[in-house]
K.L.:
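Okay, handing you the structure first.
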Amino acid sequence: MQSPGELRWPEGKRGCMALAFDLDGPTGDAMLNGSIWSSPEYFTFGSYGPFRALGRLLDLLQDFQLPATFFVPAWVVEHWPEQCRAIVEQGHEVAFHGYRHESFFALSPDEQHAVMAKSAEIFQRYLGITARGFRTPSGDWHASTPEVLKAAGVLYSSSMRGDDRPYCIEVAGFPPLVEIPGKWEMDDYASLAYTRNPDFPKGGDRTASYALTLDNWQREFDGAMDEGLCLTTLFHPKISGQPGRILLLEKFFAHMTSRDDVWFARCDAVAEWYMQECQHAG
């Protein structure tokens, strides 16, 4: 197989940018333990993402003609089907992100299979698609998860941190699982989220300077592109899709598109291309 250091991106581009957003809505720990049903403030904080922020973000992506991948819990698709269909209709990718944003590392293999099967059925029923990608909702996974994903027909994951280029995870009895690794520095929760209860991220009771956040993102992007790497994001519409923060994204998108040496692609396109390159090299 081809060494990651030898990657040459399509169209002669120097680096690859795979924009990705986690449309979590109000799913997550508070929903799983039931506390969200007695916390209207937190429920509305989450539902703001698909209800209001998503449309603003889709408009911005259209303005810049940028493709993106949206990792969406199937529960969100069930409750905001029209908004989620708009993602597909505008040419973006919708991929797996659990049913209610479960912690996959805490689920048995059978439970993981059940979540994947339920999510696949919902995606097909409401969106008419067969998803090919997955991002772990918990930031980690069980040792059995790669096999569960391949059994569900998943081509790639964007969950781990093992490189700054795509790489393959070998799975017995299946073709490899392509991993498109991310980094927490490109997660908008780390700098822009403010929630009083639940306290998430833990201790994250202040937002960072928007100017410094933009500078950080731009430096991460330029560093990755200059070295010919692949960068993806862990952005959340309910966080960075708010009015003041969408201006930050607008400036970030303008900075990214000012370069002519970047291949902008959905995660599924990156994974497909990487598998073809590996096959040609192997």
K.L.:
Strictly distance-based, threshold 3.5 Å: is any side-chain N or O of Thr232 a donor or acceptor partner for the main-chain N or O of Ala18?
P.N.:
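Checking the backbone N and O of Ala18 against the side chain of Thr232, a donor-acceptor pair under 3.5 Å is found.
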K.L.:
Taking C-beta and beyond as the side chain, do Phe264 and Cys16 meet within less than 4.5 Å on heavy atoms?
P.N.:
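With C-beta onward as the side chain, the pair stays apart.
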K.L.:
Atom CE in Met186, atom CZ in Phe252: separation rounded to 0.5 Å?
P.N.:
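That separation rounds to 4.0 Å.
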K.L.:
Looking at Arg132, is its backbone amide N or carbonyl O close enough to the side chain of Tyr156 to form a donor-acceptor pair, meaning the two atoms are under 3.5 Å apart?
P.N.:
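Looks like no, no N/O pair under 3.5 Å.
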K.L.:
How far apart are the C-alpha atoms of Phe174 and Glu147, what are their side-chain angles, what is the distance that settles it, and do they pass the side chain to side chain contact (heavy atoms under 4.5 Å, CB included) test?
P.N.:
CA-CA 8 Å; Phe174 294 95; Glu147 183 177 353; 4.0 Å; yes
K.L.:
Run the ring-centre check on Phe70 versus Phe235 and record whether the distance is less than 6.0 Å.
P.N.:
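No - the distance between ring centres of Phe70 and Phe235 does not fall below the 6.0 Å cut-off.
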K.L.:
Has Arg219 got more than 12 heavy atoms of other residues, nucleotides or ligands less than 6.0 Å from its CZ?
P.N.:
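No, the 6.0 Å shell around CZ holds no more than 12 heavy atoms from other groups.
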K.L.:
Taking the side chain as every heavy atom from C-beta outward, state whether Lys183 and Asp164 have any atom pair closer than 4.5 Å.
P.N.:
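Not in contact.
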K.L.:
To the nearest 0.5 Å, tell me how far Ile122 CD1 sits from Glu78 CD.
P.N.:
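So the gap between those two atoms works out to 3.5 Å.
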K.L.:
Minimum heavy-atom separation for Cys84 to Val94, with atom names?
P.N.:
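Looks like O-CG2, 4.4 Å.
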K.L.:
Identify, with sequence neighbours excluded, every residue that meets salt bridge (Lys or Arg N to Asp or Glu O under 4.0 Å) alongside Asp268.
P.N.:
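Once residues adjacent in sequence are excluded, the partners of Asp268 under the salt bridge (Lys or Arg N to Asp or Glu O under 4.0 Å) criterion are Arg266.
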K.L.:
Could you tell me whether a side-chain N or O of Ser47 sits under 3.5 Å from a main-chain N or O of Phe43, the two making a donor and an acceptor?
P.N.:
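At least one qualifying donor-acceptor pair exists.
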K.L.:
Please check if Leu231 and Leu229 belong to a single hydrophobic cluster, counting links between Ile, Leu, Val, Met, Phe, Trp and Tyr side chain heavy atoms closer than 4.5 Å.
P.N.:
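Hydrophobic grouping puts Leu231 apart from Leu229.
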K.L.:
Quick one: do the Asp22 and His101 side chains pair a donor with an acceptor below 3.5 Å?
P.N.:
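His101 and Asp22 do not have a side-chain donor-acceptor pair below 3.5 Å.
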K.L.:
Does Leu248 reach the side chain of Ser240, with side-chain heavy atoms less than 4.5 Å apart?
P.N.:
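Contact flag for Leu248/Ser240 side chains = no.
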K.L.:
Which value, rounded to the nearest 0.5 Å, describes the distance between Thr136 atom OG1 and Phe71 atom CZ?
P.N.:
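Going from OG1 on Thr136 over to CZ on Phe71, the span is 11.0 Å.
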K.L.:
For a quick check under 3.5 Å, do Ser159 and Glu179 share a side-chain donor-acceptor pair by atom type?
P.N.:
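Side chains of Ser159 and Glu179: no pair found under 3.5 Å.
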K.L.:
Give me the atom names and distance for the closest heavy-atom approach of Ala208 to Thr213.
P.N.:
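Distance-wise, the nearest heavy atoms are CB-OG1, 3.8 Å.
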K.L.:
Quiz question: by atom type and distance under 3.5 Å, do the side chains of Tyr126 and Glu82 form a donor-acceptor pair?
P.N.:
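The criterion, which ignores hydrogens and geometry beyond distance, is not satisfied for Glu82 and Tyr126.
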K.L.:
Mind listing the closest non-hydrogen atom pair of Gln83 and Pro50 along with its distance?
P.N.:
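Minimum heavy-atom contact is CG-O, 3.2 Å.
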K.L.:
Which is it for Phe253 and Leu66 under the side chain to side chain contact (heavy atoms under 4.5 Å, CB included) test, yes or no, and what are the steps along the way?
P.N.:
CA-CA 9 Å; Phe253 290 0; Leu66 287 169; 3.8 Å; yes
K.L.:
Within a strict 4.5 Å, meaning less than it, do heavy atoms of the Phe45 and Pro26 side chains meet?
P.N.:
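The answer is no, as the side chains (C-beta and beyond) never meet within the 4.5 Å cut-off.
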K.L.:
Quick check, are the ring centers of Phe21 and His236 under 6.0 angstrom apart?
P.N.:
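Here the rings of His236 and Phe21 have centres that are no less than 6.0 Å from each other.
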K.L.:
Can you tell me if CD on Glu227 sees more than 12 non-hydrogen neighbours from other groups inside 6.0 Å?
P.N.:
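Check fails, neighbour count at 12 or below.
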K.L.:
Specify the closest pair of heavy atoms between Ser108 and Glu111, including all atoms of both residues, with the distance to one decimal.
P.N.:
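Taking every non-hydrogen atom into account, N-OE1, 2.8 Å.
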K.L.:
Could you work out the complete set of other residues in the hydrophobic cluster of Trp184, with links drawn between I, L, V, M, F, W and Y side chains under 4.5 Å apart?
P.N.:
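Taking Ile, Leu, Val, Met, Phe, Trp and Tyr as members, Trp184 shares its hydrophobic cluster with Leu234.
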K.L.:
Among the clusters formed by ILVMFWY side chains lying less than 4.5 Å apart, do Ile129 and Leu23 turn up in the same one?
P.N.:
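Ile129 clusters together with Leu23.
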K.L.:
Check whether the ring centres of Tyr274 and Trp9 lie less than 6.0 Å apart, and answer yes or no.
P.N.:
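Judged by ring-centre distance (under 6.0 Å), Tyr274 and Trp9 do not meet the cut-off.
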K.L.:
Looking only at atom types and distance, does a side-chain atom of Arg245 sit under 3.5 Å from a main-chain N or O of Leu192, one as donor and one as acceptor?
P.N.:
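Flag set: sc Arg245 to bb Leu192 pair under 3.5 Å.
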K.L.:
If you apply the rule side chain to side chain contact (heavy atoms under 4.5 Å, CB included), what do you find for Glu272 with Leu155, and how did you get there?
P.N.:
CA-CA 8 Å; Glu272 289 172 359; Leu155 169 66; 3.8 Å; yes
K.L.:
Is a salt bridge present between Arg259 and Asp226, judged by a nitrogen-to-oxygen distance below 4.0 Å?
P.N.:
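A salt bridge is present here (some side-chain N lies under 4.0 Å from a carboxylate O).
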K.L.:
For Pro10 and Trp263, which heavy atoms make the closest approach, and how far apart are they?
P.N.:
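Smallest interatomic distance, heavy atoms only, reads CD-CE3, 3.4 Å.
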K.L.:
Would you say the side-chain atoms of Gln90 pair up with the backbone N or O of Ile87, donor to acceptor, closer than 3.5 Å?
P.N.:
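No; zero donor-acceptor contacts below 3.5 Å.
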K.L.:
Does the side chain of Tyr210 come within less than 4.5 Å of Leu214's, by heavy atoms?
P.N.:
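The answer is no, as the side chains (C-beta and beyond) never meet within the 4.5 Å cut-off.
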K.L.:
Nearest 0.5 Å please: distance from the CG atom of Leu149 over to the NE2 atom of His113.
P.N.:
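So the CG of Leu149 and the NE2 of His113 are separated by 9.5 Å.
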K.L.:
Please list all pairs passing the side-chain hydrogen bond (donor to acceptor under 3.5 Å, both in side chains) test where one or both residues lie in residues 10-21, with sequence neighbours left out.
P.N.:
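Of all non-adjacent pairs touching residues 10-21, none passes side-chain hydrogen bond (donor to acceptor under 3.5 Å, both in side chains).
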K.L.:
Around atom CZ of Arg56, are there more than 12 heavy atoms from other residues, nucleotides or ligands closer than 6.0 Å?
P.N.:
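Count over threshold, so yes.
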K.L.:
Going from CG on Leu19 to CG on Leu57, what distance comes out if it is rounded to the nearest 0.5 angstrom?
P.N.:
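Atom-to-atom, Leu19:CG and Leu57:CG are 9.0 Å apart.
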K.L.:
Taking all non-hydrogen atoms of both residues, which atom of Pro181 and which atom of Gly162 are closest, and how far apart?
P.N.:
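What the structure gives for the nearest pair is CB-N, 4.2 Å.
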K.L.:
Measure from NZ or CZ of Lys238 to the centre of the six-membered ring of Tyr48 and say whether it is under 6.0 Å with the direction within 45° of the ring axis.
P.N.:
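Judged by the rule, Lys238 and Tyr48 form no cation-pi pair.
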K.L.:
Please say which of Arg135, His92, Glu93 ends up in a side-chain hydrogen bond (donor to acceptor under 3.5 Å, both in side chains) with Thr69.
P.N.:
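That would be Glu93.
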K.L.:
How many angstroms lie between atom CH2 of Trp217 and atom CG of Leu249, to the nearest 0.5 angstrom?
P.N.:
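Here the interatomic distance stands at 5.5 Å.
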K.L.:
Check the orientation of Trp75 and His79. Use parallel for under 30°, tilted for 30 to 60°, and perpendicular for over 60°.
P.N.:
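Because their plane-to-plane angle is under 30°, the rings of Trp75 and His79 count as parallel.
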K.L.:
Side-chain heavy atoms nearer than 4.5 Å, only ILVMFWY residues, links allowed to pass through others: does that put Leu54 and Trp80 together?
P.N.:
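Yes, Leu54 and Trp80 fall within the same hydrophobic cluster.
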K.L.:
Would you check if Val178 and Met275 make a side-chain contact, meaning some heavy-atom pair closer than 4.5 Å?
P.N.:
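A side-chain contact exists here, since the closest heavy-atom pair is under 4.5 Å.
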K.L.:
Does Phe64 share a hydrophobic cluster with Met225, counting links as ILVMFWY side-chain heavy atoms below 4.5 Å and allowing steps through other members?
P.N.:
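Yes.
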K.L.:
Answer yes or no: is there a donor N or O on one side and an acceptor on the other, between the side chain of Thr27 and the main chain of Asp24, under 3.5 Å?
P.N.:
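Flag set: sc Thr27 to bb Asp24 pair under 3.5 Å.
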K.L.:
For the pair Lys150 (side chain) and Val154 (backbone), establish whether a donor and an acceptor sit closer than 3.5 Å, ignoring hydrogens and angles.
P.N.:
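Between the backbone of Val154 and the side chain of Lys150 there is a qualifying donor-acceptor contact (under 3.5 Å).
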K.L.:
Is there a donor-acceptor pair closer than 3.5 Å between any side-chain N or O of Ser209 and the backbone N or O of Leu212?
P.N.:
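Yes; at least one donor-acceptor contact below 3.5 Å.
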K.L.:
Are the side chains of Pro176 and Glu170 in touch, meaning some heavy atoms are under 4.5 Å apart?
P.N.:
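Counting from C-beta outward, Pro176 and Glu170 do come under 4.5 Å.
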K.L.:
Is there a path of hydrophobic side-chain contacts, each under 4.5 Å between heavy atoms, that joins Val77 and Tyr99?
P.N.:
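Linked within one cluster.
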K.L.:
Indicate, with yes or no, if the rings of Phe123 and Phe96 have centres closer together than 6.0 Å.
P.N.:
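Ring centroids of Phe123 and Phe96 are less than 6.0 Å from each other.
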K.L.:
Check step by step if side chain to side chain contact (heavy atoms under 4.5 Å, CB included) holds for Val262 and Met256.
P.N.:
CA-CA 8 Å; Val262 178; Met256 292 193 304; over 6 Å; no
K.L.:
Are Glu102 and Ser138 close enough that a side-chain donor and a side-chain acceptor fall under 3.5 Å?
P.N.:
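No donor-acceptor contact under 3.5 Å links the two side chains.
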